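Each remark here refers to the structure printed beneath this line.
Read the numbers this way: they start at 1 and go in the same order the structure lists the ligands and their atoms. Keep in mind that what you see is a predicted model, and the values were worked out from it rather than measured.
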Amino acid sequence: MTNLIDGRAIAQQIHAETAARVAVLKSRGLTPGLLFIRVGEDPASQVYVGMKEKKSAELGFHSTTRVLPETTTQAELLTLIAAANADPQWHGILVQAPLPRHIDQTVIYAAVDPAKDVDGFHPVNVGRLMLGDGGGFIPCTPGGVHELLIRSGVALSGAEVVVLGRGNIVGKPMAAILLQKGRNANATVTVVHSGTRDVAGHCRRADVLVAAMGVPEFVRADMVKPGAVVIDVGVNRVPDATTKSGTRLVGDVAFAEVQPKAGLITPNPGGVGPMTIAMLLANTARAAENFLGAR
Ligand code: GUN
């Protein structure tokens with residue numbers, strides 16, 4: 001029997017649920033709208049936003065991508081966000097990271113209306129996640145990992161979870177999600193990072209290990225407890241002379257040696273990646289449902 005967590009199949013389930021919600025919204029006269037904003041020509045961002053927009057159209061959302069030049073000023077971007085906040089055709093707004101260095105990401109994410117912040121990056125939504133009130137938007141990648149764990153039947157209450165990485169997009173919100181009191185969380189969460197003394201020792205205690213620190217194949221078999229659930233969030237481009245491009249993508253987990261030891265493990269690609277889009281579109285459906293409810 002395979003020990004793989006099939007992120008593509010679980011994302012498909014969520015897409016089907018979201019498509020049904022979109023159909024209900026449309027039957028009530030509302031087409032949910034999602035605006036993507038991309039600044040500059042970062043090749044990975046072009047691919048990611050293209051995939052997100054294609055899927056949103058497939059599920060029946062109305063969506064557009066505004067592409068701004070690398071030279072766009074922070075003030076210009078803020079003006080565009082203010083217009084999108086005020087425009088009732090947009091229920092969700094996503095400003096793709098990374099932004100050019102002259103733009104302060106925290107200022108930009110704080111400018112998006114929290115009710116349209118389907119990325120869950122606005123300080124109000126970050127705060128609501130910490131408070132555990134269930135009403136805000138949860139960042140898509142850790143939200144997707146949570147759904148993978150729930151839908152794979154992983155027991156989280158009382159589990160020892162180790163999150164590798166303390167970034168604002170994955171590590172910190174991942175810890176906040178799993179430590180909440182509640183049936184599908186209630187874990188004992190440890191976040192390890194570059195200042196941690198014995199990373200491997202912490203990892204070896206984990207029932208669930210979430211690798212999100214952006215170091216190629218950092219998690220080796222000797223860091224994993226037999227039977228642990230291993231989730232690989234990493235997307236790292238490494239040199240590889242045998243490929244046409246001269247590079248290949250690897251995760252934060254040394255998959256070949258860790259898989260035989262793991263109870264369950266995400267493949268990479270095909271694990272966490274598809275879930276990010278699924279959660280984005282589920283969040284956008286909820287933003288539109290909230291809009292309709294408040295009207
Ligand atoms: N860049 C990498 N991941 C994400 C994400 O989840 N949202 C946005 N806006 N940008 C990203």
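- Evaluation of the side-chain contact (heavy atoms from CB on, under 4.5 Å) rule for A83 yields no partner, not counting sequence neighbours.
- Protein residues having a heavy atom under 4.0 Å from any atom of ligand 1 are L94, V95, Q96, A97, Y109, D119, F121, listed by chain and number.
- Looking only at side-chain heavy atoms (C-beta outward), V253 and N268 stay at 4.5 Å or farther from each other.
- A perpendicular orientation is assigned to the rings of F291 and H91, their planes being inclined by more than 60° (bins at 30° and 60°).
- Of the charged side-chain nitrogens involved, none lies within less than 4.0 Å of a carboxylate oxygen, so that E289 and R286 do not count as a salt-bridged pair.
- Every residue was checked against the ring pair (Phe, Tyr, Trp, His ring centres under 6.0 Å) condition with F255, not counting sequence neighbours, and none meets it.
- For H193, the ring pair (Phe, Tyr, Trp, His ring centres under 6.0 Å) test picks out no residue, with sequence neighbours left out.
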